[in-house]
Amino acid sequence: MRGSEFTELKAFAAIVEEGSFVRAAARLRVSPPALSQSIRLLEARIGVRLLNRTTRSVSPTVAGEKLFTRLGVAFAELEDAVAEVQAARGRPGGSLRINVPRVAAMRFVAPVLGDFQRTYPDIALTVIVDDMLTDIVEGRFDAGIRLGERLEKDMVAVKLSEDLQMGAVAAPAYLEGRAVPRHPRDLHQHRCINFQWPGGGNIYRWEFSRGKRSLEIAVKGSLTVNDTELLLNAALDGAGVAYMIDYQVQPWIENGRLVRFLEPWSPRFPGFYLYHPSRRLVPPALRAFIDFVRSRRG
C-alpha cells in the first residue's frame with residue numbers, strides 16, 4: 001500500500017468517527033478542502049461512494065460502513081503495535097478516545113487533564129462529553145465512564161467511586177412556610193424540578209426505597225431541565241425541590257444553601273466505573289489513563 005493510499009484511508013476513518021469534515025480536518029491537522037480531496041481520490045480509486053454528504057451531516061454508505069468496520073480492527077492493531085514499542089521505552093503514546101457523561105467528566109476527568117497531558121505528552125487524548133449512553137464499541141471509543149447500573153455488557157470495569165445515594169434537596173427560601181416532606185408521597189404537595197434524560201428521553205421518575213418498600217414518583221412542577229448543573233442552580237435559586245446524587249449537593253448542604261430531606265428513603269446504588277472492551281492487551285495509553293485517574297480520584 002502506498003503512503004498516499006494509507007493517508008486516504010485514515011482520512012476516511014477520521015471523518016466517520018467525527019461525523020464531520022471540519023472536525024476530522026482539525027484532528028488530522030489538514031484543511032477541509034485537502035480532506036475532501038483525499039476522499040474524492042479514495043472513492044475514485046476504489047470506484048465506490050463511501051460517504052453520504054449533506055450541508056449539515058456526513059455518514060457512511062453501506063459500502064463505507066463495511067470498509068470502516070474492517071479498518072477499525074486494522075488501525076487498532078497498528079496503534080497497539082506502535083504503542084507497545086513506545087511503552088517498551090517507558091513512554092506510552094498513541095491515540096485515546098474516551099466517552100464520558102458530563103457529571104463524570106467534571107468529577108474524574110476535568111481535574112486531571114492538565115497533569116495527564118504534561119505527564120504523557122505523546123498520548124493524543126480525545127474526551128467526548130456525552131449524556132446519551134453511547135455504545136463505546138459502536139462509537140469507536142477506547143473506554144467510557146458510567147454508573148455501575150448502566151454498564152454495557154461484556155466490559156472490563158474499574159471502580160472509580162464509592163456507592164452513591166440520591167438526595168432530595170431544596171433551598172431554605174423555597175421551604176419557608178412549607179412543610180418539609182417526610183414521605184415521598186408528600187412531594188405531590190411541592191413544586192419539583194423535573195429532569196429529562198438528554199436527547200429527548202423520558203422524564204426521570206424519582207426512585208425511593210426503605211427496607212422492602214420501593215416507590216417511583218412522577219413528580220409535578222413547571223420546570224424541566226436536561227442538565228444537572230442547571231438543575232442544581234435552579235434548586236439553589238429556590239425554584240423547587242431537586243433530586244440529585246449526594247456528592248453533587250453536599251457542599252451546598254454544608255454551607256446551608258440547601259436543605260436535605262427524605263434521606264431514609266433515598267436508595268444507594270453502584271458508583272462510577274471506567275470501563276473498556278475486553279482485549280488481549282490493554283493499550284499502554286489506556287492503561288496509563290486508568291492508573292492516572294484512579295490515583296487522583298476524590
Side-chain angles (χ1 to χ4, degrees), residues 100-108 110 129-134 145-152 159-273 298:
V100 195
R102 177 182 175 84
V103 62
M106 301 313 296
R107 184 177 185 188
F108 300 107
V129 177
D130 172 21
D131 288 323
M132 297 291 292
L133 301 181
T134 296
I145 298 178
R146 294 282 185 274
L147 289 171
E149 60 189 17
R150 295 183 176 275
L151 285 179
E152 299 169 3
K159 192 173 181 64
L160 293 182
S161 77
E162 70 288 344
D163 286 352
L164 302 173
Q165 187 178 31
M166 298 299 291
V169 296
Y174 168 80
L175 291 173
E176 187 175 355
R178 293 182 171 93
V180 175
R182 303 297 180 188
H183 188 282
R185 285 192 294 267
D186 295 341
L187 292 168
H188 292 308
Q189 310 303 317
H190 284 264
R191 189 167 67 243
C192 297
I193 308 169
N194 272 299
F195 180 81
Q196 181 176 22
W197 294 109
N202 296 328
I203 301 295
Y204 172 59
R205 294 171 63 92
W206 295 12
E207 300 168 286
F208 297 94
S209 64
R210 189 172 188 177
K212 297 182 179 180
R213 303 174 63 187
S214 296
L215 293 172
E216 284 192 4
I217 304 292
V219 297
K220 299 177 181 180
S222 58
L223 177 60
T224 300
V225 301
N226 72 343
D227 179 84
T228 54
E229 186 171 346
L230 189 59
L231 177 61
L232 175 60
N233 286 335
L236 289 168
D237 285 343
V241 179
Y243 199 44
M244 302 185 67
I245 299 175
D246 52 3
Y247 78 82
Q248 294 176 288
V249 296
Q250 189 60 35
W252 310 106
I253 294 172
E254 292 175 357
N255 67 18
R257 292 194 60 189
L258 289 176
V259 176
R260 183 173 183 175
F261 38 85
L262 296 177
E263 190 167 356
W265 282 92
S266 301
R268 301 195 70 84
F269 53 93
F272 286 101
Y273 289 76

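Residue indices begin at 1 and follow the sequence shown. Below, each value reflects all heavy atoms present in this structure, side chains not excepted, and no hydrogens, waters or symmetry copies. Here the structure is a predicted model, which means the values were calculated and not measured.
- Considering only heavy atoms from C-beta on, V259 stays 4.5 Å or farther from V169 through its side chain.
- Note on ring orientation: taking the six-membered ring where Trp is involved, the planes of F272 and Y247 are perpendicular (angle over 60°, cut-offs 30° and 60°).
- Heavy-atom minimum distance, A239 versus I193: CB-CD1, 4.1 Å.
- Put simply, the side chain of V249 does not reach to within 4.5 Å of the side chain of R260, judged on heavy atoms.
- In plain terms, the two heavy atoms of V129 and P101 that are nearest each other are CG1-C, 4.3 Å.
- In this structure, R178 is positioned above the aromatic face of Y174, its NZ or CZ under 6.0 Å from the six-membered ring centre and within 45° of the axis.
- Expressed to the nearest 0.5 Å, how far CG of L164 lies from CD of E149 amounts to 9.5 Å.
- Other residues, nucleotides and ligands place no more than 12 heavy atoms under 6.0 Å from the CZ atom of R185.
- A pairwise comparison of heavy atoms in R191 and G238 identifies NH2-O, 3.7 Å as the closest pair.
- Looking at every heavy atom in both residues, L258 comes nearest to A171 through CD2-N, 3.8 Å.
- When atom types are taken as modelled, the side chain of Y243 and the backbone of Y204 share no donor-acceptor pair closer than 3.5 angstrom.
- A 4.5 Å side-chain heavy-atom check between D131 and N226 finds every atom pair outside the cut-off.
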Please determine whether side chain to side chain contact (heavy atoms under 4.5 Å, CB included) holds for the pair W252 and L232, giving the CA-CA distance in whole Å, both sets of side-chain angles, and the decisive distance to 0.1 Å. CA-CA 10 Å; W252 310 106; L232 175 60; 3.4 Å; yes
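- In this structure, the separation between OG on S209 and CZ on R268 is 11.0 Å, given to the nearest 0.5 Å.
- For the pair R150 and W197, the cation sits on the ring face: its NZ or CZ lies under 6.0 Å from the ring centre, inside 45° of the axis.
- The line from CG of L262 to CZ of R182 is 9.0 Å long, rounded to the nearest 0.5 Å.
- The structure places CD1 of I145 at 12.5 Å from CG of D130, a figure rounded to the nearest 0.5 Å.
- Taking each heavy atom of Y273 and G271 in turn, the nearest pair found is CD1-O, 3.4 Å.
- When all heavy atoms of A242 and W206 are compared, the closest pair comes out as C-CH2, 3.9 Å.
- For the pair S214 and E207, the minimum side-chain heavy-atom distance is 4.5 Å or more.
- For the pair Q165/P267, no side-chain contact is recorded, criterion being any heavy-atom separation below 4.5 Å from C-beta on.
- In this structure, the side chains of L175 and F261 come closer than 4.5 Å at one or more pairs of heavy atoms.
- D186 places a side-chain N or O within 3.5 Å of a backbone atom of H183 that can act as its donor or acceptor partner.
- Among the candidates T224, L187, I217, L223, the single residue satisfying the side-chain contact (heavy atoms from CB on, under 4.5 Å) test with C192 is L187.
- Crowding of E176 atom CD: a count of heavy atoms from other residues, nucleotides or ligands under 6.0 Å not exceeding 12.
- Side-chain contact check for F269 versus M166: some heavy-atom pair is nearer than 4.5 Å.
- Rounding to the nearest 0.5 angstrom, the gap separating the CZ atom in R205 from the CD1 atom in I203 is 11.5 Å.
- Proximity of V103 to Q248: side-chain heavy atoms (C-beta onward) are separated by under 4.5 Å at one or more points.
- Side chain of R146 to main chain of L151: no donor-acceptor pair is present (N/O by atom type, distance under 3.5 Å, no hydrogens or angles).
- For the atom pair OG1 (T228) and CZ (R102), the distance works out to 6.0 Å, reported to the nearest 0.5 Å.
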